[in-house]
Amino acid sequence: MPVTRRALSGQALAALATVGLAQLLGSRDVVAGPLRPALGAWLRDLSEMTRALRGRQLGEREFQGLLDDLCARVDLADLYAAVDLDALAARVSLPDTGARSVDVDLAALAGAPRLGFGQRVFGCRRGRAIVPHGHEDLCTAFIVLAGRWRGRHYDRLETQAAHYVLRPTIDREFAPGDHSSVSDRRDNVHWFQAETDGAFVFNVHVACHGRSGGARVYLDPDGERLAGGAIRAPKLSHTACVAKYGG
């Protein structure tokens with residue numbers, strides 16, 4: 001089946017996030033039994049997209065656009081009806097600095113197709129952050145599930161041994177239902193700071209061509225300002241980045 005934006009279902013994306021959070025909460029009643037048809041169709045479409053991306057039938061920009069379209073179609077009313085976010089906050093211990101991440105395995109669902117992408121939930125306390133970082137060989141998308149975030153993105157203009165050269169592209173508040181995406185081609189570096197307690201995002205990530213598995217590169221965007229609004233952002237260790245930006 002050809003991969004088109006029209007073929008991707010917003011209801012299926014809501015189902016994806018619902019099931020993923022249900023697994024995080026340990027509510028086996030929600031995920032027991034056969035895979036729901038809408039979610040199965042969404043998983044098959046995304047699996048096909050992933051194969052097309054890795055086989056270079058889809059470019060990274062096009063794949064990123066498809067992810068953006070999926071995120072924009074989330075039905076949060078359905079999501080909140082199916083997921084108790086108060087229970088989520090009670091069961092997940094959020095760290096004093098940085099973010100907590102929990103992997104979700106949708107491939108474990110009965111009837112699920114073979115998946116070529118990962119799923120994860122991130123949570124932060126107020127003032128804590130998913131610290132600034134870029135990626136190598138990764139397409140990823142965030143969907144805000146709860147809370148408000150300040151989200152910042154940067155285009156990567158140059159990659160050097162000790163730094164990236166960045167250009168700011170996004171700096172705004174993200175509320176539930178808002179989303180953003182990353183690829184090597186657009187908005188490669190991102191940084192999300194929670195502006196409320198109990199802030200959660202859902203993440204889908206794909207290592208595009210399997211070269212580096214989507215490696216993170218931690219950065220300091222408070223670097224030297226260059227001509228045209230660019231920034232020379234030094235590379236940091238994870239420890240140093242969390243110490244400076246984790247909250």
Side-chain angles (χ1 to χ4, degrees), residues 13-14 16-28 30-31 67 71 74 76 79-80 82-109 115 117-136 138-153 170 173-182 187 189-207 213-221 236-247:
L13 181 58
L16 170 69
T18 299
V19 173
L21 282 171
Q23 286 188 314
L24 177 64
L25 290 168
S27 177
R28 299 190 64 82
V30 178
V31 298
L67 280 180
C71 295
V74 172
L76 283 180
L79 179 61
Y80 292 155
V83 178
D84 186 344
L85 290 180
D86 289 336
L88 175 65
R91 296 188 188 197
V92 175
S93 176
L94 299 180
D96 291 334
T97 58
R100 177 78 68 215
S101 67
V102 180
D103 288 333
V104 178
D105 184 15
L106 294 181
L109 294 173
L115 303 182
F117 56 92
Q119 316 91 50
R120 189 171 293 157
V121 173
F122 290 87
C124 283
R125 297 181 181 184
R126 182 178 182 177
R128 281 49 171 178
I130 302 169
V131 295
H133 64 279
H135 293 281
E136 299 285 350
L138 193 80
C139 290
T140 183
F142 277 172
I143 307 163
V144 175
L145 296 172
R148 296 193 311 276
W149 301 76
R150 181 183 177 185
R152 281 163 277 198
H153 279 258
I170 297 170
E173 181 178 285
F174 283 71
D178 289 339
H179 59 90
S180 68
S181 65
V182 161
D187 297 331
V189 173
H190 54 173
W191 169 19
F192 279 80
Q193 184 175 32
E195 296 187 330
T196 59
D197 280 324
F200 291 91
V201 297
F202 183 80
N203 168 256
V204 173
H205 50 277
V206 178
R216 278 188 173 197
V217 180
Y218 295 96
L219 297 161
D220 185 354
L236 298 175
S237 68
H238 175 258
T239 299
C241 197
V242 171
K244 182 167 184 176
Y245 292 107

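- No donor-acceptor pair closer than 3.5 Å links the side chain of Asp178 to the backbone N or O of Ile143.
- Between His205 atom NE2 and Phe142 atom CZ the span is 10.0 Å, to the nearest 0.5 Å.
- In Arg100, the CZ atom is crowded: over 12 heavy atoms of neighbouring residues, nucleotides or ligands sit closer than 6.0 Å.
- When every heavy atom of Cys241 is checked against every heavy atom of Leu219, the shortest pair comes out as SG-O, 3.7 Å.
- One N or O on the side chain of Thr196 and one on the backbone of Arg148 form a donor-acceptor pair closer than 3.5 Å.
- Here the CZ atom belonging to Phe192 is positioned 7.0 Å from the CD1 atom belonging to Ile130, to the nearest 0.5 angstrom.
- Taking all atoms of both residues into account, the shortest heavy-atom contact from Val242 to Val131 is CA-CG1, 3.9 Å.
- Applying the side chain to side chain donor-acceptor pair (under 3.5 Å) criterion to Asp187, with sequence neighbours excluded, gives Thr169.
- Looking only at atom types and distance, the side chain of His153 has a donor-acceptor partner in the side chain of Ser180 under 3.5 Å away.
- Of all heavy-atom pairs spanning Trp149 and Ala194, the tightest one is CE3-N, 3.6 Å.
- Rounded to the nearest 0.5 Å, atoms CD (Glu195) and SG (Cys124) are 12.0 Å apart.
- A distance of 7.0 Å separates NE2 in His238 from CZ in Arg216, rounded to the nearest 0.5 Å.
- Listed here is the closest heavy atom pair of Trp191 and Ala129: NE1-CB, 4.1 Å.
- Separation of atoms NZ (Lys244) and OG1 (Thr97) is listed at 15.5 Å; rounding is to 0.5 Å.
- Atoms CD1 and CZ, from Ile170 and Arg152 in turn, are 12.5 Å apart once rounded to the nearest 0.5 Å.
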